[in-house]
Amino acid sequence: MSFIYGRPDRYGRRIYAGKSYVGAKNAVVLPEIEGHVAVDFYNEQGVKTYSLTSDMKESPLLKLEFENNENGCAGFTLELARGHGIDITLGQRVDVRLLGGAAPWYSGYVQTMPMRALDTEKVQTYAGYGYFARLGHIIVDKIYEDTEIAKIAEDVIRRYVEGNGATYNGSKLYFTGYAATKVNFAHATAKDALQQLSEFAVNYVWGVDEYREVFFRPRRDEVNDYMRLWVGEHVESVETEEDIESVENEIHVEGNVETTDEEGNITTTKGILAVCRDNASIRRYGLRAAVKTLPSALKAEDARQWGESELAQSKDPGRSVSLGGIRPEIIRRRITPDGLASITSEDGADVEVFPISSVKYICSKSGISMEIGLGEYKAGFEQSILKMKRDIINAELLSRAGETGG
């Protein structure tokens, strides 16, 4: 059954286009195997070439860590004993299955690896990232006018992304209710394009999941029943942090301003398209203004929509929570960074609710453990560098537009 532009059950909106599924995709129920880890390697044609498991005789698997965040599959590291004999190559797809299940918990590709012919280390480390990272190497160059945001996202995925690692699944795109007036992705990466579209949509998130499929959906604003946790019963430790440094309550959106002369000639110059303020935050924390660059917006309406989305994320102090000592029954729930977590204090007197920002699994010969991050997602060094690069590119695009007049 297909739903177009309807009202949804799970997220508050129906999918933009495609089938609405009931139950897990490709669901296969197998007996659970405590502590079981499987790492599957695939060739370029998608054919499985090797399956490394933790229970095989003299298994070379020493340690595996992988993380899922709101953008889907994030980073992984795999430690193998030297002389493991597995043919692993750069860019190779790696899937992870846990507890004896058939469905993947993670999918990514190898980005760094040892030069095995020369490497003398007893432990050989392979590292990589989910297919979300691949979209940082895909260029989008197109102007969209008067088009619904999800429809733009669909076009970006099908025109530029599909066939380059990640794939399209219409059931994972959700209608936003907002049509962009004019958006110009001038040699932007697919990652930046989809990120800006999620911000235009307001409180949307996008990413690439364990099936290597791109999703574009509203953030879930209800408590995930699997994440109603008590300190002492479900988790041993809670580490919290609240930070005012990230607060921004007045955002000046800088973009490309189009002007038309009497003869109909269009000139593009750099300028402020919109100013968005949150007065309640200003009264509480003082004025904390910022200039944010959005070279893709050419109309004030779109710049304001984007600015309001940024403001909603930055007007309050950042809160982050890290949970440790998580009980095995929580691991078996296969929690994903989707929705909210309810944390009750050990004495039952306090209950706090936070977004689920990241879930990390640590697999070794001693078993499987996990760490859960709540609140504001703390990006690693790699993500910080990518943000710096994006800011530099945005500034260059605006400067180029100002010099050339579009």
Partners of Tyr226 by side-chain contact (heavy atoms from CB on, under 4.5 Å), sequence neighbours excluded? Asn224, Arg333, Ile335
Any residue meeting ring pair (Phe, Tyr, Trp, His ring centres under 6.0 Å) with Phe41, in chain and number order, not counting sequence neighbours: none
List the residues meeting side-chain hydrogen bond (donor to acceptor under 3.5 Å, both in side chains) with Glu236, not counting sequence neighbours, and say none if there are none. Arg327
Tell me if the centroids of the rings in Trp105 and Phe66 come within less than 6.0 Å of each other. no
For Trp230 and Glu346, does a side-chain donor sit closer than 3.5 Å to a side-chain acceptor? no
Could you verify whether a donor N or O on one side chain and an acceptor N or O on the other, from Asp55 and Thr53, lie under 3.5 Å apart? yes
For the residue pair Tyr178 / Glu148, report whether a side-chain donor-acceptor contact shorter than 3.5 Å exists. no
For Glu58, does the CD atom have more than 12 heavy-atom neighbours from other residues, nucleotides or ligands under 6.0 Å away? no
Partners of Glu250 by side-chain contact (heavy atoms from CB on, under 4.5 Å), sequence neighbours excluded? His252, Val275, Arg277, Leu287, Ala289
Strictly by modelled atom types, are Asn249 and Ser281 linked by a side-chain donor-acceptor pair under 3.5 Å? yes
For Tyr174 and Phe216, I'd like to know if the aromatic rings sit close, meaning centre-to-centre distance below 6.0 Å. no
With sequence neighbours excluded, tell me which residues meet side-chain hydrogen bond (donor to acceptor under 3.5 Å, both in side chains) with Tyr109. Gln111
Qualifying salt bridge (Lys or Arg N to Asp or Glu O under 4.0 Å) pairs, either residue in residues 88-113, two or more places apart: Asp40-Arg97, Arg93-Asp95, Asp95-Arg212
